[in-house]
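Below you'll find the structure, written out as C-alpha cells, and then a few comments.
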Amino acid sequence: GALGAVANVGSKAFNTVKSSIDGALSRIDTLNNSTRAFKNMGVATEDITKNMDKLQEATRGLPTALDSAVSNVQLLTASTDDMGLSVDVFKAMNDAILGFGGDAQMVDSAVVQLSQSFSNGKVDAQTWNSMINSGLGPTLNALAKEMGTTTGALKEGLSSGSISVKQFQDALVKMDKEGGGGLQSLEKIAKDSTQGFGTAIANMKSAVTRGTAKMIEGMNKLLEKMGLPSFQEQIANTGKKFETFLGGLGDTLPELAKNLAWVGKLFKGTFDVFGGVFGEAWKQATEFGDKIEKWVGALGESFKTGDILSLN
C-alpha cells in the first residue's frame, strides 16, 4: 500500500546517501594517497595540486573512476617523469577509447602497455597491437593522416624509433584537443558517445559523491580550526575504545566462568537425572513392546490352528 511505497522510497534514499558517503570517503582517501605517492615520485606539491585538479576535470562527465585514473597517471608519470604530460596523455587515451565504444578495462590495458614502451623509448609492435585491441584503431589511423604518413608507416616508425615517443605523445594530445586526420577532437567524441541514460545516472551519482567529499573536507577544516579531532581521528579513537572494551571483556570472561562453575554443575546434574529417568522409561517401553509383539504372534498362531482357547 501507500505505507509500503513510502518505506521503499525512504529505504532507497537512505541507500543513496550511504553510497554517496562511502564514495566520498573513498574519493578523499584516493586523493590523499595519490598526493603522497606523487611526492614520493619526486613531483612538487604545487604540480601535484594543479595536475590532480586537471585530472578530475578530465574525467568529469565520463564513466571513469578517479582511483583508476590516478593509477594510470602514476604509471605514465613513472615513464615520462612529467606528471602534467602524463595527465594529458591519459586523458587523450581515455577519450579515444571511450569515444569509440571501449571501457575502463581497455583503457587500463592500453596504458600499461604504452607506459612500458615510453620507458623503452620505442612503441614496439606488441604495444601497437595492444592499442588496436583496446579500440585505438580509428585514432591511430587519424594520427597517421595528420602526420602525413600511412598507418603502416606510423607503426614501423614508432617501432624503429624514427618517429619518437615524444612526437607520438604530442600528436596524441593535440588530437584530443583539436582533432585532425578527419576526426573531431577526441574530447568531443568521448562526450558525444557517453550521453546515454546509464552514463547520465552514473554522472549524477559521481556529482553527489564529489559534493559529499567537499562537504566532509570542509567540516574537517572547520574541526581543525576549532582545535577538535578530524573525522579520521574520531573514527580511530572510537575503534581504540571498542578494542579496549572488548579486550577487557575477553579478559573478564574466564574469571566469570570460574565463578559460575556451579551453574554448569547444576545443569550437568539435572541432565544426568533426566538422562537416567529417560533411559529407564525407554527400557520399560521396549520390554513392554516386546511382550506385546510376542502376544500378537501367539494370537495369530492360535487363529491359524483354531486353538484360540489354548492361550493363557
Side-chain angles (χ1 to χ4, degrees), residues 41 55 58-59 62-194 196 198-199:
M41 294 171 70
L55 180 60
T59 56
L62 297 176
T64 303
L66 180 62
D67 57 350
S68 175
V70 169
S71 296
N72 283 323
V73 170
Q74 286 175 351
L75 277 175
L76 291 168
T77 302
S79 300
T80 64
D81 291 324
D82 186 333
M83 184 180 176
L85 173 63
S86 297
V87 170
D88 290 338
V89 170
F90 168 74
K91 179 180 181 301
M93 294 181 66
N94 194 52
D95 288 342
I97 292 171
L98 295 179
F100 289 99
D103 57 27
Q105 188 174 359
M106 293 166 73
V107 175
D108 293 345
S109 176
V111 168
V112 168
Q113 288 287 339
L114 202 55
S115 63
Q116 292 173 353
S117 288
F118 288 171
S119 296
N120 296 331
K122 295 179 182 180
V123 179
D124 58 23
Q126 183 179 352
T127 301
W128 178 275
N129 292 336
S130 175
M131 289 192 293
I132 295 294
N133 292 336
S134 295
L136 282 169
T139 301
L140 294 173
N141 289 337
L143 269 178
K145 289 180 183 178
E146 187 67 13
M147 297 173 74
T149 187
T150 65
T151 304
L154 175 61
K155 176 183 178 181
E156 177 61 31
L158 287 170
S159 182
S160 67
S162 60
I163 298 176
S164 71
V165 163
K166 186 68 170 63
Q167 285 177 290
F168 175 73
Q169 292 168 344
D170 289 344
L172 188 60
V173 171
K174 182 181 178 184
M175 179 75 67
D176 184 47
K177 296 176 181 177
E178 302 175 10
L183 290 181
Q184 296 287 330
S185 71
L186 299 177
E187 182 178 61
K188 183 179 187 307
I189 292 171
K191 297 287 185 187
D192 288 347
S193 66
T194 55
T199 304

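Because the structure is a prediction, the values reported are computed rather than measured.
- Salt-bridge annotation for D170 and K166: present, with a side-chain N of the basic residue lying under 4.0 Å from a carboxylate O of the acidic one.
- Within the model, atoms CH2 of W128 and CG of L158 stand 6.0 Å from one another, a figure rounded to the nearest 0.5 Å.
- Side-chain atoms of D108 and S68 form a donor-acceptor pair, as typed in the model, at a separation below 3.5 Å.
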For side chain to side chain contact (heavy atoms under 4.5 Å, CB included), just list the numbers for K155 and V123, CA-CA rounded to whole Å, side-chain angles, deciding distance to a tenth of an Å, and then say yes or no. CA-CA 8 Å; K155 176 183 178 181; V123 179; over 6 Å; no
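- Although no hydrogens or angles enter the test, the distance criterion places a donor-acceptor pair under 3.5 Å between the side chain of N120 and the main chain of Q116.
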Under the side chain to side chain contact (heavy atoms under 4.5 Å, CB included) rule, what do D95 and L62 come out as? Steps first, then yes or no, please. CA-CA 9 Å; D95 288 342; L62 297 176; 3.4 Å; yes
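- Annotation: the span from M131 atom CE to Q113 atom CD amounts to 9.5 Å, rounded to 0.5 Å.
- Side-chain polar atoms of T64 and T59 form no donor-acceptor pair below 3.5 angstrom.
- Shown here is Q184, whose CD atom has no more than 12 heavy atoms of other residues, nucleotides or ligands within 6.0 Å.
- Tested against E187, the residues K91, K177, K174 include a single salt bridge (Lys or Arg N to Asp or Glu O under 4.0 Å) partner, K91.
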Hey, mind stepping through D88 and Q169 against side chain to side chain contact (heavy atoms under 4.5 Å, CB included) and telling me if it holds? CA-CA 9 Å; D88 290 338; Q169 292 168 344; over 6 Å; no
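- To the nearest 0.5 Å, atom OG of residue S119 and atom CG of residue L114 are 10.0 Å apart.
- At most 12 heavy atoms of other shown residues, nucleotides or ligands fall within 6.0 angstrom of atom CD in Q105.
- With no hydrogens or angles considered, no side-chain donor-acceptor pair links S130 and N133 at under 3.5 Å.
- The line from NZ of K122 to OG of S117 is 11.0 Å long, rounded to the nearest 0.5 Å.
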Take F90 and L75 through the side chain to side chain contact (heavy atoms under 4.5 Å, CB included) test and state the conclusion after the steps. CA-CA 10 Å; F90 168 74; L75 277 175; over 6 Å; no
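- Few gaps surround NZ on K191; more than 12 heavy atoms of other groups in view lie less than 6.0 Å from it.
- Here CG of L143 is found 8.0 Å from CG of L186. Values are rounded to the nearest 0.5 Å.
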